[in-house]
Amino acid sequence: MSSKITGPKGAPDLFPPRSTLHDEIIGKSVEQFRRFGYNRIETPMFESTALFEKGLEPGSDMVTKQMYTFEDRGGRSLTLRPDMTTPVVRAILEHNMDKQGLPLKFYYVAPIFRQERPQAGRQRQFTQVGVEAVGADGPDIDAEVIQLATKIYKEVGLEVTLALNSIGHPGCRADYIPKLQAYLRSVSGQLCEDCVRKIDTNPLRTFDCKVEEDRKLLENAPLIVDQLCPECEIHYAGVKDRLNEWGVPFTEDSRLVRGLDYYTRTAFEFTATGLGSQNAVGGGGRYDGLAESLGGPSLPGIGFGLGVERIALALESKGVEIKPMLDVFIATIGDQARTLGFKMAPKLREAGFSTDMDHAGRAMKGQFKAANSRNAAWVIVIGDKEIEAGKFTVKHMMSGDEESLPPSRIVGYLAVRS
RNA sequence: GUGGCCGUAGCUCAGCUGGUAGAGCACCCGGUUGUGGUCCGGGAUGUCGCGGGUUCAAGUCCCGUCGGUCACCCCA
């Protein structure tokens, strides 16, 4: 056990039943993406390190500690992608997609890599599903993107809370941040060490502090929503109006912030219960400054990413269980029956029924046990009696009812009864 | 990166102050010469995460290491 090679830290293997739940979440997400007019984009799992160094705060923990960066044989510095927004915008700019019809609406299902210390709901490789809508700046698209995310949670059966905020444009923040810093300095004697450090490095993040006393002090801090310029104010109001029209419930949370400069205006986050301290199951926002920071033209965009593992965890903590199902299990006795079974199976599969047979040479009882543990809805029994009669026995596992049918009629029978 | 807890059968775990390993579930076989999900009987499985140390003796104590987990940090 010990000298066996194990998987890398924080990168768990995925197998049934959890993989089935993942499939379910991803499948339902993709269905909604398509309904909202999004098409798939795929980008490489690794990029030039420079891309993320440009997109992220230089010198921040994100860049210096939390990326998987390595050199290839050509001496190029590469990094496993720590998010999807930056690569998608890079691809759009590289292929001049923005010169065509806007907005571009892309969705993705993608593994993401961050070298953090694992904990509940935090892995070093994890899966995000999400969208990027690039080239539209009105509040309508913001609201629609949020509605889309909300719809996905509803479809997978997870209750979430939506927190909404506007963090303005860089101009708003240029006015606001000094005010926030001034306030923080005025109470710095009572703040925790981390918050004091953040006054200069990342004052907005003091709102995330978990220390009770600090939270109280922050309640009196000036808020970005109160400092928005008229344009940002109107935009934010437009988003809220749309959401209200559509009946999408949200709570305004002026403590919700983003760490990077290219984020603008709308920011949102979904949280669920039953997850421990990493309770965000998805989030997103507007990034009108990103394309420019990558050396491209001014190009607005908004998107979100949902954490598939966290959604699965939250569902599991609520007792949701998705069992792998099988439509038909074919149980056979003897070589001749086995041959007939192998003729039957392709017909059932062709007709759309998931079908399996015994591959371990088990006795009848064992085959039924296998069918049962696979949650088979039907078992078709083929033995000497059936061969002689030219009719197979079709058993409905739930009720125990059995029917004797000629092979040619079985597909039709199951189609009606399933 | 920091700290707490944990690491024994496929899974969940028991194993008191050191004396070379157990239960339940799952699995396989049988009771039912061809019928599961209930019941009864039987069976297989571990270098007790790894390395080192203390000791006559280590699953048990000590150190290290790897892994897991939870929290902090960070959160694109």
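Proteins get letters first, then strands, A, B, ... in listed order; numbering begins at 1 in each. Since the structure is predicted, the reported quantities are computational estimates derived from the model, not experimental observations.
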Seminar exercise, completed: Stems of at least 3 consecutive Watson-Crick or G-U wobble pairs (donor-acceptor distances under 3.5 Å) involving RNA chain B, listed by first number, are B:1-7 with B:66-72, B:10-13 with B:22-25, B:27-31 with B:39-43, B:49-53 with B:61-65
Problem set entry | Whole-Å distance separating the CZ atom of R310(A) from the P atom of rC70(B) | 11 Å
Exercise. In terms of side-chain heavy atoms of R122(A), which of rU2(B), rG36(B), rC72(B) is nearest?
Worked result: rC72(B)
Problem set entry | Below 4.0 Å: OP1/OP2 of rC72(B) and any side-chain N or O of S277(A) | yes
Seminar exercise, completed: Which of T264(A), D142(A), T266(A) passes side chain to side chain donor-acceptor pair (under 3.5 Å) with R286(A)? It is D142(A)
For this session: Indicate, with a heavy-atom threshold strictly under 4.0 Å, whether D194(A) touches base, sugar-phosphate, or nothing.
Result: sugar-phosphate
Problem set entry | Atom-pair distance (CD on Q115(A); C1' on rC74(B)), nearest Å | 13 Å
Exercise. Which part of the nucleic acid, if any, lies within contact of L56(A), taking any heavy atom under 4.0 Å across all strands shown: a base, the sugar-phosphate backbone alone, or nothing?
Worked result: base
Exercise. Distance from M45(A) atom CE to L78(A) atom CG, nearest 0.5 Å?
Worked result: 14.0 Å
For this session: Report the distance from atom CG of D261(A) to atom P of rC75(B), rounded to the nearest whole Å.
Result: 13 Å
Exercise. OP1 or OP2 of rC74(B) less than 4.0 angstrom from a side-chain nitrogen or oxygen of K198(A), does that happen here?
Worked result: yes
Exercise. Using a cut-off of less than 4.0 Å, is there contact between a side-chain N or O of Q119(A) and OP1 or OP2 of rC70(B)?
Worked result: no
Exercise. Atom CD1 of I382(A) and atom C1' of rU35(B): how far apart are they, to the nearest Å?
Worked result: 14 Å
For this session: Quick one: sort the Y153(A) and F270(A) rings into parallel, tilted or perpendicular, breaks at 30° and 60°.
Result: tilted
Exercise. Where the side chain of H235(A) meets the backbone of D137(A), is there a donor-acceptor pair that is under 3.5 Å apart?
Worked result: yes
Exercise. Closest nucleotide of RNA chain B for G259(A) versus for G10(A): which of these residues is on the 5' side?
Worked result: G10(A)
For this session: Remember a base hit wins even if backbone is also touched, and classify K65(A) as base, sugar-phosphate or nothing at under 4.0 Å, heavy atoms.
Result: nothing
For this session: Kindly indicate whether the side chain of E402(A) and the base of rU35(B) share any N or O donor-acceptor pair separated by less than 3.5 Å?
Result: yes
Exercise. Roughly how far apart, to the nearest Å, are rA14(B) and rC28(B) at atom P?
Worked result: 27 Å
For this session: Mark yes or no for a side-chain to base donor-acceptor pair under 3.5 Å between E116(A) and rG1(B), with no hydrogen or angle criteria applied.
Result: no
Exercise. When all nucleic acid strands are considered with a 4.0 Å heavy-atom cut-off, which category describes G366(A): base, sugar-phosphate, or nothing?
Worked result: nothing
Exercise. Under 4.0 Å between a side-chain N or O of R197(A) and OP1 or OP2 of rC74(B)?
Worked result: yes
Exercise. Under 6.0 Å from the CD atom of E94(A), do we count more than 12 heavy atoms belonging to anything else shown?
Worked result: yes
Exercise. Would you find a donor on one side and an acceptor on the other, under 3.5 Å apart, between the side chain of D98(A) and the backbone of L93(A)?
Worked result: no
Exercise. NA contact type, F52(A), heavy-atom cut-off 4.0 Å: base, sugar-phosphate, or nothing?
Worked result: nothing
For this session: Could you pick out which residue, Q278(A) or A370(A), lies toward the 5' side of RNA chain B when each is mapped onto its nearest nucleotide?
Result: A370(A)
Problem set entry | Between P of rC75(B) and OH of Y263(A), the distance in whole Å | 12 Å
For this session: Using a cut-off of strictly less than 4.0 Å, decide whether K9(A) has a side-chain nitrogen or oxygen near OP1 or OP2 of rC66(B).
Result: no
For this session: Provide, to the nearest angstrom, the distance between the CD1 atom belonging to I333(A) and the C1' atom belonging to rU35(B).
Result: 9 Å
For this session: Could you tell me whether the side chain of T20(A) and the main chain of P16(A) form a donor-acceptor pair under 3.5 Å?
Result: no
Exercise. Short question: side chain of R124(A), backbone of P118(A) - any donor-acceptor pair under 3.5 Å?
Worked result: no
Exercise. What is the distance from CD of Q123(A) to C1' of rC70(B), rounded to the nearest Å?
Worked result: 15 Å
Exercise. Can a salt bridge be assigned to the pair D194(A) and R197(A) using a cut-off of 4.0 Å between side-chain N and carboxylate O?
Worked result: yes
Problem set entry | Separation between the P atoms of rC29(B) and rC72(B), rounded to whole Å | 49 Å
Exercise. C1' atom, rG46(B) versus rU38(B): distance in rounded Å?
Worked result: 31 Å
Exercise. Has K210(A) got a side-chain N or O lying under 4.0 Å from the OP1 or OP2 atom of rC72(B)?
Worked result: yes
Problem set entry | Pairwise C1' distance for rG53(B) and rA23(B), with rounding to whole Å | 33 Å
Exercise. Which of these nucleotides, rU35(B), rG34(B), rG68(B), is closest to any side-chain atom of K395(A)?
Worked result: rU35(B)
For this session: Verify the contact: side-chain N or O of N202(A) to OP1 or OP2 of rC75(B), cut-off strictly under 4.0 Å; return yes or no.
Result: yes
For this session: Would you indicate, yes or no, if rC28(B) has its OP1 or OP2 atom less than 4.0 angstrom from a side-chain nitrogen or oxygen of R362(A)?
Result: yes
Exercise. rG10(B) and rC73(B): how far apart are their C1' atoms, nearest whole angstrom?
Worked result: 37 Å
Exercise. When we call it a touch if two heavy atoms are under 4.0 Å apart, what does A120(A) touch: a base, just sugar-phosphate, or nothing?
Worked result: sugar-phosphate
Exercise. Distance between the C1' atoms of rU60(B) and rU55(B), in whole angstroms?
Worked result: 13 Å
Exercise. Quick one: K369(A) NZ to rU35(B) C1', roughly how many Å, whole number?
Worked result: 12 Å
For this session: Classify the nucleic acid contact of N372(A) as base, sugar-phosphate or nothing, counting any heavy atom under 4.0 Å across all strands shown.
Result: base
Exercise. Are R258(A) and E269(A) close enough for a salt bridge, meaning some N to O gap below 4.0 Å?
Worked result: yes
Exercise. With sugar-phosphate meaning primed atoms plus P, OP1 and OP2, does E269(A) contact a base, only sugar-phosphate, or nothing at under 4.0 Å between heavy atoms?
Worked result: nothing
Exercise. Which atoms form the tightest heavy-atom contact between T271(A) and A280(A), and what is the distance?
Worked result: CG2-CA, 4.0 Å
Seminar exercise, completed: Regarding the side chain of Q66(A), the nearest nucleotide among rG36(B), rC74(B), rU35(B) is rC74(B)
Problem set entry | Pairwise C1' distance, rG4(B) and rG43(B) [rounded to whole Å] | 42 Å
For this session: Rounded to whole angstrom, note down the C1' distance from rU65(B) over to rC16(B).
Result: 29 Å
